[in-house]
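Report on the following structure.
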Amino acid sequence: KKKQEVFLMNVKIQDLKDVTINGVKTLCTKSLGSYKETFFEWTAFPMAVDFKSTRIACGLLEGWHHTPTFNEIEYHEDAELFYFLEGPALMLFVDIKAGKAVMESAQIVRIPAGTELSIDPGKGHFVAVAEGDTMKALVVAPVQDSPRITLDETVCGE
């Protein structure tokens, strides 16, 4: 039986504040502050996204510490909006051209808690992993499929 060869691509993990990610908008909400009265506090997540669909769902993504190693990406026909409640989280982003991952565009980004992030339709990414013990993010998006693409190389964060 012939062994399948595995190719590894090491990618330096970068802080969100130090990078630009094609197809992704970000906003640090910690600097915006919040509004507080005696029995409540309101913290706005002001990033607005124009979804193609009006059928919108919301969920809580919870993750545990995991080595940032990725073999596949997903993408969507419509945008996704994330708000990172707890972190930091490590997330992979990759451009897609003609149905294939553009491997030289791979970025693994460290996203701190208090960050709002919008991913454009068609932008390759994968579920964030916790750099520490845990991460949590609210995800708001239209009801949509999550097609996956297998990467030509395993992307490993370093």
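Keep in mind that what you see is a predicted model, and the values were worked out from it rather than measured.
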Item to complete: Give a yes-or-no answer on whether the side chains of E37 and Y35 include a donor-acceptor pair shorter than 3.5 Å.
Response: yes

Item to complete: Take V19 and V109 through the side chain to side chain contact (heavy atoms under 4.5 Å, CB included) test and state the conclusion after the steps.
Response: CA-CA 8 Å; V19 298; V109 181; 4.2 Å; yes

All N/O donor-acceptor pairs, side-chain side in residues 7-16, below 3.5 Å, sequence neighbours left out:
from : atom 1 : to   : atom 2 : distance (Å)
D15  : OD1    : R110 : NH1    : 2.6

Worksheet entry | T150 side chain to E72 side chain, donor-acceptor N/O pair below 3.5 angstrom | no

Worksheet item: Backbone N or O of I96 within a donor-acceptor pair of the K123 side chain at under 3.5 Å?
Response: no

Worksheet entry | Side-chain donor or acceptor of H125 paired with backbone N/O of L92 under 3.5 Å | no

Worksheet item: Passes side chain to side chain contact (heavy atoms under 4.5 Å, CB included), E74 versus R148? Steps please.
Response: CA-CA 4 Å; E74 67 178 17; R148 292 187 179 190; 4.2 Å; yes

Worksheet entry | Worked verdict on M91 versus F82 for side chain to side chain contact (heavy atoms under 4.5 Å, CB included) | CA-CA 12 Å; M91 195 165 184; F82 289 75; 3.9 Å; yes

Worksheet item: Short question: side chain of E131, backbone of P88 - any donor-acceptor pair under 3.5 Å?
Response: no

Discussion item. Quick check: do K100 and D152 have side-chain heavy atoms less than 4.5 Å from each other?
Written reply: yes

Discussion item. For the residue pair T154 / N71, report whether a side-chain donor-acceptor contact shorter than 3.5 Å exists.
Written reply: yes

Discussion item. Take a 6.0 Å sphere around CG of D145 and say whether it holds more than 12 heavy atoms from other residues, nucleotides or ligands.
Written reply: no

Discussion item. Quick one, I119 and F93 - any side-chain contact, counting heavy atoms below 4.5 Å?
Written reply: yes

Worksheet item: Just wondering, do I56 and F51 contact through their side chains at under 4.5 Å, heavy atoms?
Response: yes

Practice prompt. Answer yes or no: does atom CD of E62 have more than 12 heavy-atom neighbours from other residues, nucleotides or ligands under 6.0 Å?
Written response: yes

Practice prompt. Verify side-chain hydrogen bond (donor to acceptor under 3.5 Å, both in side chains) between Y83 and T115, making sure each step is shown before the conclusion.
Written response: CA-CA 6 Å; Y83 183 78; T115 300; over 6 Å; no

Worksheet item: Going through the distances and angles, do E158 and I108 end up as a side chain to side chain contact (heavy atoms under 4.5 Å, CB included)?
Response: CA-CA 9 Å; E158 56 180 19; I108 298 177; over 6 Å; no

